Amino acid sequence: MDETSFFDVAKQIGDKNIVIFGTGEDAKEFYYRNKDKINITYFTSNWNQEIDFCGLERIEPICLQDIKNVYIVVCASKIGSSVIENQLSLQFSYITQFCDHEIFEQMLQGKRRLLLVTGLCHQQLLFEGLQFVRDIVQEYILTFYWYGDIKSNVMLKKKVFELSKHADFAIVLKTRANECYHYISPIPKKIIFPNPCLQAIYPQIIWGQGVGNTYLENPVLKQKMRKRIEDIRAFRYTDRNVVQLVQQGLSDEEVVKEINRRDFYTKDVLSCEFDKMIRYNRNADLGTDIMFTDYIIENYTEHRLFLDGEHFSNQFAWKVIVDTVKKIDRNINISEEEKLDLIHILTQKDAVWEYECPVYPSVQEYFGLQWVNKNTKYKYVNLYSTRELEFEDFMLQYTGYIRCALNLKNCWKDSGC
């Protein structure tokens with residue numbers, strides 16, 4: 001794509017009357033960051049009860065076309081913005097007359113190329129990392145959209161498709177064989193990602209819904225939290241062994257003693273799990289632009305590549321980022337100073353990123369994992385803080401939780417719920 005094709009807002013915004021669409025925290029922060037840089041003249045909202053905002057004059061959405069040289073900045077959530085932008089598209093041109101505040105502010109810095117990232121938490125980690133790569137952030141507008149939201153929301157899907165028309169690169173996730181990317185226009189160069197895993201290291205985990213997938217939604221407790229935890233689970237995954245042993249009548253201490261045995265998992269079981277994992281990753285790599293299976297095989301014993309079998313560690317995240325950057329421009333080199341602790345950075349926004357899953361001693365011994373020993377501590381997200389515990393203490397906490405969860409299920413069953 002010719003980089004002059006992207007709207008040069010930095011040069012063309014000088015005589016524009018800027019209208020902020022929205023009145024929430026994003027809108028307030030946008031106003032105070034930019035009120036001395038651009039001519040913010042009005043605000044608007046679809047809710048007629050909102051009549052005061054930062055001392056600006058309110059204009060009705062239906063009257064926006066009456067303003068000369070207008071440019072509308074949408075300040076709302078990703079999904080909220082897609083609804084508003086669909087409304088505006090009936091009267092105005094996307095990018096040249098309106099866009100969301102995140103893209104607008106990056107255009108205001110003079111950036112003229114767009115890198116669109118879509119996917120799940122792995123791609124969110126990639127997106128966060130790209131923002132610390134100097135050569136990328138100086139040239140590219142970066143934006144990320146959650147794959148699940150795109151697939152389930154027609155307005156957001158339309159917005160992403162329209163936005164992709166202006167992108168140089170679109171990063172997409174391959175979730176199944178013969179994946180179709182109808183939410184991306186044919187214009188940008190696609191960089192297709194596999195969905196790798198290291199499940200053989202965590203054979204005890206049930207990856208779907210389970211007993212441990214219990215949300216804490218008490219609003220009184222949430223108000224007391226010391227930091228934001230958007231996705232609160234006492235423990236992220238269900239350990240099938242603990243559930244079975246508790247149901248067999250073992251005490252908490254007996255359960256932990258059992259799973260702590262060095263021969264709890266046999267060599268045949270773990271060998272089979274490893275072979276299945278490699279086959280899965282090889283298949284996931286097919287048809288993608290970036291492949292990870294060989295790297296995983298070469299490094300999994302010496303380095304912690306995943307936090308729990310699916311979510312990337314800091315080291316693996318930077319492997320992903322480096323490979324992506326080379327697809328964008330092979331001349332870009334990432335210095336060691338740029339390789340920040342991305343997991344730590346994300347935990348400042350949402351503590352759920354901190355959660356780690358313990359490795360069974362039998363698994364550690366069979367695979368010869370050099371990054372695990374009996375003193376290794378694991379993080380799990382508490383309602384008020386993050387705790388670090390060694391294997392036995394962690395699993396005692398977990399076993400007690402599972403016992404309570406099973407008792408609660410029995411109460412629901414007995415009450416006819």
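These figures come from a predicted structure and were not determined experimentally.
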### Task
Go through Tyr237 and Asp308 one step at a time and tell me if the side-chain contact (heavy atoms from CB on, under 4.5 Å) criterion holds.
CA-CA 9 Å; Tyr237 304 113; Asp308 55 20; 3.0 Å; yes
## Note on the structure
Rounded to the nearest 0.5 Å, the CD atom of Gln123 sits from the CD1 atom of Ile171 at a distance of 8.0 Å
### Query
Do the ring planes of Phe274 and Tyr300 sit parallel (below 30°), tilted (30 to 60°) or perpendicular (above 60°)?
tilted
### Task
Decide yes or no on salt bridge (Lys or Arg N to Asp or Glu O under 4.0 Å) for Arg33 and Glu105, but give the supporting numbers first.
CA-CA 10 Å; Arg33 276 196 305 267; Glu105 288 190 89; 2.7 Å; yes
### Query
Short question: side chain of Trp318, backbone of Leu340 - any donor-acceptor pair under 3.5 Å?
yes
### Message
Could you check whether any side-chain N or O of Asn407 sits under 3.5 Å from a backbone N or O of Arg403, counting only pairs where one atom can act as donor and the other as acceptor?
### Response
yes
### Message
For the CD1 atom of Ile40 and the CZ atom of Phe53, what is their distance to the nearest 0.5 Å?
### Response
8.0 Å
### Query
Is there a donor-acceptor pair closer than 3.5 Å between any side-chain N or O of Arg304 and the backbone N or O of Leu307?
yes
### Task
May I ask you to decide if the ring planes of Tyr94 and Phe98 are parallel, tilted or perpendicular, using 30° and 60° as cut-offs?
tilted
### Task
Would you check, one step at a time, whether the test side-chain contact (heavy atoms from CB on, under 4.5 Å) holds for Lys111 with Gln109?
CA-CA 6 Å; Lys111 301 178 186 180; Gln109 296 170 12; 3.2 Å; yes
### Message
Among Lys165, Lys158, His166, which residue satisfies the side-chain hydrogen bond (donor to acceptor under 3.5 Å, both in side chains) criterion with Glu162?
### Response
Lys165
### Minimum side-chain heavy-atom gap Lys190-Ile184 below 4.5 Å
yes
### Message
Among Ile192, Val320, Thr324, exactly one meets side-chain contact (heavy atoms from CB on, under 4.5 Å) together with Ile290. Which residue is that?
### Response
Thr324
### Task
First locate atom CD1 of Ile191, then atom CG of Leu116, and finally report the distance between them rounded to the nearest 0.5 Å.
11.0 Å
### Task
Give a yes or no answer on whether the side chain of Asn34 reaches the backbone of Lys37 with a donor-acceptor pair at less than 3.5 Å.
no
### Query
Can you tell me if CZ on Arg330 sees more than 12 non-hydrogen neighbours from other groups inside 6.0 Å?
no
### Message
So which atom in Gly148 and which in Leu120 form the shortest heavy-atom distance, rounded to 0.1 Å?
### Response
N-CD2, 4.4 Å
### Message
Determine whether Glu354 and Thr386 satisfy the following criterion, side-chain hydrogen bond (donor to acceptor under 3.5 Å, both in side chains), listing intermediate values before the conclusion.
### Response
CA-CA 8 Å; Glu354 292 179 283; Thr386 297; 2.5 Å; yes
### Task
Show your working on side-chain contact (heavy atoms from CB on, under 4.5 Å) between Leu163 and Ile103 and close with a plain yes or no.
CA-CA 10 Å; Leu163 182 61; Ile103 292 176; 3.5 Å; yes
### Message
With side-chain hydrogen bond (donor to acceptor under 3.5 Å, both in side chains) as the criterion, how do Glu365 and Ser362 come out once you've worked through the C-alpha distance, each side chain's angles and the decisive distance to 0.1 Å?
### Response
CA-CA 5 Å; Glu365 185 167 287; Ser362 54; over 6 Å; no
### Query
Does Ser81 use its side chain to pair, donor to acceptor, with the backbone of Ser77 at less than 3.5 Å?
yes
### Task
Using a 4.5 Å cut-off on heavy atoms from C-beta on, say whether the side chain of Cys357 contacts that of Tyr378.
no
### Phe104/Tyr71 aromatic ring centres below 6.0 Å
yes
### Task
Answer with yes or no after comparing the ring centroid distance for Tyr360 and Tyr202 against a 6.0 Å cut-off, counting only values under it.
no
### Message
Ring-plane angle category for Phe193 and Phe292, please: parallel below 30°, perpendicular beyond 60°, tilted otherwise.
### Response
tilted
### Query
Should Glu179 and Lys174 count as an ion pair when the cut-off is N to O under 4.0 Å?
no
#### Entry: Salt-bridge present (Lys257, Glu254; N to O < 4.0 Å)
no
### Spacing of Asn281 atom CG and Ile296 atom CD1 [to the nearest 0.5 Å]
4.5 Å
### Task
Assess the side chains of Ser185 and Ser164: does a donor N or O sit below 3.5 Å from an acceptor N or O?
yes
### Query
From Glu356 CD over to Ser313 OG, what is the distance, rounded to the nearest 0.5 angstrom?
9.5 Å
### Message
Does the plane of the ring in Phe312 sit parallel, tilted or perpendicular to the ring in His122? Use 30° and 60° as the thresholds.
### Response
tilted
### Query
Is there a side-chain hydrogen bond (donor to acceptor under 3.5 Å, both in side chains) between Thr399 and Asp252 once you walk through the steps?
CA-CA 6 Å; Thr399 303; Asp252 292 2; 5.6 Å; no
### Query
Are any of the side-chain nitrogens in Asp289 or Lys326 under 4.0 Å away from the carboxylate oxygens of its partner?
no
### Message
Ignoring hydrogens and geometry beyond distance, is a side-chain donor-acceptor pair present between Ser82 and Glu85 at under 3.5 Å?
### Response
no
#### Entry: Euclidean distance, Trp353 CH2 relative to Ile343 CD1, rounded to 0.5 Å
6.5 Å
### Message
Taking the cut-offs as 6.0 angstrom to the six-membered ring centre and 45 degrees off its axis, would you call Lys319 and Tyr295 a cation-pi pair?
### Response
yes
### Query
Under the side-chain contact (heavy atoms from CB on, under 4.5 Å) criterion, do Thr41 and Leu56 qualify, and how do the steps go?
CA-CA 7 Å; Thr41 312; Leu56 296 174; over 6 Å; no
### Task
For Gln315, look at atom CD and say whether over 12 heavy atoms of other residues, nucleotides or ligands are found less than 6.0 Å away.
yes
### Task
Please check if the side chain of Asp100 supplies one atom and the backbone of Ala76 the other of a donor-acceptor pair under 3.5 Å.
no
### Query
What orientation do Phe394 and Tyr380 show, parallel under 30°, tilted 30 to 60°, or perpendicular over 60°?
perpendicular
### Query
Should we count NE2 of His303 as having more than 12 external heavy atoms under 6.0 Å?
yes
### For Arg113, the option from Asp135, Asp168, Asp8, Asp329 that meets salt bridge (charged side-chain N to carboxylate O under 4.0 Å, His left out)
Asp168
### Task
Please answer whether the main-chain N or O of Leu369 pairs with a side-chain N or O of Gln364 as donor and acceptor at a distance below 3.5 Å.
yes
### Query
How about Phe316 and Phe306: are their ring centres within less than 6.0 Å of each other?
yes
### Message
So that I can tick it off, tell me whether Lys78 and Asp149 are bridged by a salt bridge, with the cut-off set at under 4.0 angstrom between side-chain N and carboxylate O.
### Response
no
### Message
side-chain hydrogen bond (donor to acceptor under 3.5 Å, both in side chains) for Tyr398 and Asp239? Distances and angles first, verdict last.
### Response
CA-CA 9 Å; Tyr398 179 79; Asp239 184 319; 5.9 Å; no
### Message
I'd like to know if the side chain of Gln87 and the backbone of Val83 have a donor-acceptor N/O pair within less than 3.5 Å.
### Response
no
### Query
Which atoms form the tightest heavy-atom contact between Ile20 and Ala27, and what is the distance?
CG2-CB, 3.9 Å
### Check: Ile141 main-chain N/O paired with Thr143 side-chain donor or acceptor under 3.5 Å
no
### Task
Establish, from distance only, whether the side-chain atoms of Lys159 and Asn86 form a donor-acceptor pair under 3.5 Å.
no
### Message
Is it the case that the side chain of Arg112 and the backbone of Met107 share a donor-acceptor pair, with hydrogens and angles ignored and the cut-off at 3.5 Å?
### Response
no
### Query
Any salt bridge between Arg134 and Glu337, counting N to O under 4.0 Å?
no
